[in-house]
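If you're wondering where the values come from, they're calculated on a predicted model, not measured in any experiment. Every chain is numbered from 1, with letters handed out A, B, ... down the list of sequences.
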Amino acid sequence: MVISGPRGTKDMLPESSCRWHYVEQMVRDLCRLYAYQEIRTPIFEHTELFLRGIGETTDVVSKEMYTFTDKGKRSITLRPENTASVVRSFLENKLYAEPQPVKLYYMGPMFRYDRPQAGRLRQFHQFGIEAIGAAGPTIDAEIILLATDFFQKLGLNELTLLINSVGCPQCRPIYRDKLQAFLHDKLDGLCEDCQSRFERNPMRILDCKNENCQTLSHGAPHMTECLCDECQGQFLGLQTLLQAAGITFTLDPRLVRGLDYYTKTAFEIQYPPLGAQSAICGGGRYDGLVEECGGQPTPGIGFAIGLERVLLALEKQQLLPDFKTGIDVYIAPIGDKGKTLAFQLLHQLRRSGLSCDMDMMNRSIKAQLKRANKYPARYVIIIGDEEVDQEKVMVKNMDSGEQCMLALQDVQSMIAGEMDN
RNA sequence: GUGGCUGUGGUGAAGCGGUUAACACGGCGGAUUGUGGUUCCGUUAUACGUGGGUUCGAUCCCCACCAGUCACCCCA
């Protein structure tokens with residue numbers, strides 16, 4: 001019986017890993033452009049970090065974490081997202097002592113115990129940005145721009161940018177009260193989910209897809225109508241900057257992020273053709289998180305992009321380039337005498353920087369040429385008894401079909417020379 | 001976690017109570033003597049997701065489980 005991989009995980013086979021390299025390279029180039037540096041935090045953390053950082057009542061923490069007890073009886077959790085870890089690392093490594101803001105990016109696997117679906121895996125990969133230490137709307141705008149730039153560079157259009165403000169500890173409670181007051185006498189008409197949301201997170205009720213709930217919540221006050229001066233300033237400032245940068249966005253008063261730590265700016269980028277998993281990027285400000293994790297009050301903002309979803313979108317739009325699998329030289333020995341020489345030549349050519357392979361299957365010359373063609377290989381070097389005796393090899397150009405006998409020591413320079421043209 | 005749909009070889013797929021379980025692609029080999037990409041020929045493969053049940057008999061019917069998928073939930 002063959003053992004299968006765990007549910008919700010995926011192997012990245014050679015063809016797909018080329019795609020990952022492509023996207024990852026884009027990430028690295030872009031982050032360099034925007035002056036963000038890579039941080040790599042552990043894949044597991046003390047469970048406590050996520051409980052405190054993300055919030056115990058959130059779905060992610062309450063039902064989606066991979067938590068286990070290690071041999072030292074510590075409660076350990078595979079990271080479901082990376083912001084809490086980055087903030088932990090920021091504090092632990094005293095990055096607050098470095099020039100502010102600290103601009104970091106990360107890429108790597110995250111884990112959530114969810115029911116798998118296309119675009120939703122239990123081990124999935126995110127590229128994320130965290131800018132810690134700056135409060136104003138400029139950094140918010142920069143981060144949103146970085147995200148939209150990323151998608152644009154990949155050629156991805158048809159994206160929707162939604163922005164909202166979720167307020168701060170000053171104004172959110174006031175709004176919450178107002179909203180609850182509005183919904184109070186409608187409570188019985190709401191769906192089961194929404195009834196439980198009423199206490200836990202009433203803002204989510206506005207987001208419910210249930211028709212009845214939609215009707216009942218119609219006319220409810222919006223967070224953005226209740227923002228305090230500071231939050232209002234931040235929100236308007238961001239919009240001005242985005243407009244100045246020529247970014248089109250949609251104000252979505254119902255946009256709420258799922259993690260407790262978000263304050264003020266919240267945004268999401270969607271790619272609608274992906275269906276239910278259309279959220280391809282989500283982010284926002286988390287001004288209270290650093291303090292929550294035991295540091296000085298420090299503002300921060302970040303986003304995370306789901307790379308599997310990006311890849312799905314690129315596939316759908318046929319935006320993935322052809323990745324070359326070809327090699328420079330395939331060496332085809334005929335007979336035992338040729339093999340040793342072939343192996344020597346293989347090694348020598350590789351050391352000179354040419355990508356090479358040779359037959360290891362004892363195939364006929366014909367089959368070897370077929371193999372070389374499949375790579376495809378630009379040159380095939382044939383080494384039979386004749387060649388060995390004459391200390392020469394046959395070099396065949398697979399594009400033109402031309403071939404010539406060359407002395408061993410001339411092979412590398414001949415190929416290198418031709419390839420330069 | 002809830003509900004719907006699906007599950008045949010490496011891949012795409014026919015068959016739907018009794019079949020040597022098609023076909024295509026791929027893989028491998030060959031079409032004389034040491035030469036590829038097209039074509040032709042041959043060959044290959046532990047294929048009916050797993051476990052029960054109904055039946056004389058199950059790939060086909062029923063149940064459970066597993067997995068995928070879609071939607072919900074949530075989110076990237």
Engineer: Less than 4.0 angstrom from a charged side-chain N to a carboxylate O is my criterion; do A:Lys339 and A:Asp336 meet it?
Structural biologist: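 A salt bridge is present here (some side-chain N lies under 4.0 Å from a carboxylate O).
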
Engineer: Identify whether the distance between the nearest side-chain nitrogen and carboxylate oxygen of A:Glu225 and A:Lys178 falls below 4.0 Å.
Structural biologist: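 Looking at A:Lys178 together with A:Glu225, the answer is no, because their closest N to O distance does not fall below 4.0 Å.
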
Engineer: Aromatic ring centroids of A:Phe127 and A:Phe150 under 6.0 Å?
Structural biologist: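 Yes, close enough.
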
Engineer: Strictly distance-based, threshold 3.5 Å: is any side-chain N or O of A:Ser355 a donor or acceptor partner for the main-chain N or O of A:Asp328?
Structural biologist: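 Pair found, side chain donor or acceptor close to backbone of A:Asp328.
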
Engineer: For A:His222, check ring-ring contact (aromatic ring centres under 6.0 Å, His included) against everything at least two apart and list the hits.
Structural biologist: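 Scan of A:His222 (ring-ring contact (aromatic ring centres under 6.0 Å, His included), adjacent residues dropped) gives none.
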
Engineer: Identify, residue by residue, the members of residues 311-333 of chain A with a heavy atom below 4.0 Å from RNA chain B, and return them in order of residue number, or none.
Structural biologist: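 Of all residues in residues 311-333 of chain A, none places a heavy atom under 4.0 Å from RNA chain B.
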
Engineer: What nitrogen or oxygen pairs link the protein and nucleotides 45-47 of chain B at under 3.5 Å?
Structural biologist:
none

Engineer: Ignoring hydrogens and angles, write down the donor-acceptor pairs under 3.5 Å from the side chains of residues 400-417 of chain A, residues two or more places apart or on other chains.
Structural biologist:
residue, atom, partner, partner atom, Å
A:Ser400, OG, A:Glu402, N, 3.2
A:Ser413, OG, A:Asp410, O, 3.2

Engineer: Under 4.0 Å, heavy atoms only, any strand: does A:Ser364 hit a base, just the sugar-phosphate, or nothing?
Structural biologist: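 Sugar-phosphate, backbone atoms only, no base.
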
Engineer: Listed by chain and number, what are the salt bridge (Lys or Arg N to Asp or Glu O under 4.0 Å) partners of A:Arg120, not counting sequence neighbours?
Structural biologist: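 A:Arg120 satisfies salt bridge (Lys or Arg N to Asp or Glu O under 4.0 Å) with A:Asp114 once adjacent residues are dropped.
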
Engineer: Does A:Gly338 reach a base, just sugar-phosphate, or nothing at all? Heavy atoms under 4.0 Å.
Structural biologist: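 Here A:Gly338 touches no strand at all.
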
Engineer: Which residues pass the salt bridge (Lys or Arg N to Asp or Glu O under 4.0 Å) test with A:Lys103, sequence neighbours left out?
Structural biologist: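 Partners of A:Lys103 by the salt bridge (Lys or Arg N to Asp or Glu O under 4.0 Å) criterion, ordered by chain and then number, come out as A:Glu142.
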
Engineer: Taking atom types as modelled, is there a side-chain donor on A:Asn82 or A:Gln126 under 3.5 Å from an acceptor on the other?
Structural biologist: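 There is no such pair (donor and acceptor under 3.5 Å, judged by atom type) between the side chains of A:Asn82 and A:Gln126.
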
Engineer: Which residues pass the salt bridge (Lys or Arg N to Asp or Glu O under 4.0 Å) test with A:Arg52, not counting sequence neighbours?
Structural biologist: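 For A:Arg52, the residues satisfying salt bridge (Lys or Arg N to Asp or Glu O under 4.0 Å) (neighbours in sequence not counted) are A:Glu48.
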
Engineer: For nucleotides 70-76 of chain B, just jot down a letter per nucleotide in 5' to 3' order: B, S or -, based on protein non-hydrogen atoms under 4.0 Å.
Structural biologist: BBBBBBB

Engineer: Please determine whether side chain to side chain contact (heavy atoms under 4.5 Å, CB included) holds for the pair A:Leu307 and A:Trp20, giving the CA-CA distance in whole Å, both sets of side-chain angles, and the decisive distance to 0.1 Å.
Structural biologist: CA-CA 9 Å; A:Leu307 294 178; A:Trp20 283 89; 3.5 Å; yes

Engineer: Let me check something: any side-chain donor-acceptor pairs from residues 381-392 of chain A under 3.5 Å, sequence neighbours excluded? List them with distances.
Structural biologist:
residue, atom, partner, partner atom, Å
A:Glu387, OE1, A:Gly384, N, 3.0
A:Asp389, OD1, A:Lys337, NZ, 3.2

Engineer: Would you check if there is a donor-acceptor pair between the side chains of A:Tyr286 and A:Glu292 at a distance under 3.5 Å?
Structural biologist: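 Judged by distance alone, the side chains do not pair up.
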
Engineer: Please name the residue in the list A:Glu24, A:Lys10, A:Glu308 that meets the side-chain hydrogen bond (donor to acceptor under 3.5 Å, both in side chains) test with A:His125.
Structural biologist: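 When A:Glu24, A:Lys10, A:Glu308 are each tested with A:His125, the side-chain hydrogen bond (donor to acceptor under 3.5 Å, both in side chains) holds only for A:Glu308.
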
Engineer: Requiring both pairing distances under 3.5 angstrom, list the stems that contain RNA chain B and are made of three or more consecutive Watson-Crick or G-U pairs.
Structural biologist: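 Stem segments, range with range: B:1-7 with B:66-72, B:10-12 with B:23-25, B:26-31 with B:39-44, B:49-53 with B:61-65.
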
Engineer: Considering only the P atoms, how many Å lie between B:rA71 and B:rG27, rounded to the nearest integer?
Structural biologist: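 My reading of the P atoms in B:rA71 and B:rG27 gives 35 Å.
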
Engineer: Given the P atoms of B:rG57 and B:rG15, what is the spacing between them in whole Å?
Structural biologist: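 Nearest-Å result for B:rG57 against B:rG15 at atom P: 26 Å.
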
Engineer: Roughly, in whole Å, what's the span from CE in A:Met65 to P in B:rG1?
Structural biologist: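 Distance, rounded to whole Å: 17 Å.
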
Engineer: To the nearest Å, give me how far apart CG (A:Asp359) and C1' (B:rC28) are.
Structural biologist: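 So the two atoms are 13 Å apart, to the nearest Å.
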
Engineer: Between B:rG7 and B:rG12, how far is it from one P atom to the other, in whole Å?
Structural biologist: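 Per the computed distance, 13 Å lies between those P atoms.
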
Engineer: To the nearest Å, give me how far apart CG (A:Asn362) and P (B:rG29) are.
Structural biologist: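 These atoms are roughly 11 Å apart.
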
Engineer: Which residues satisfy the salt bridge (Lys or Arg N to Asp or Glu O under 4.0 Å) test with A:Glu158, sequence neighbours excluded?
Structural biologist: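 Testing A:Glu158 for salt bridge (Lys or Arg N to Asp or Glu O under 4.0 Å), a comparison that skips the adjacent residues, returns none.
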
Engineer: Report, as a single string ordered 5' to 3', how protein heavy atoms within less than 4.0 Å touch nucleotides 31-36 of chain B: B base, S sugar-phosphate only, - not at all.
Structural biologist: B--BBB

Engineer: Just by modelled atom types, is the A:Leu145 backbone N or O under 3.5 Å from a matching donor or acceptor in the A:Asp149 side chain?
Structural biologist: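 Side chain of A:Asp149 to backbone of A:Leu145, a donor-acceptor pair under 3.5 Å: no, none is there.
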
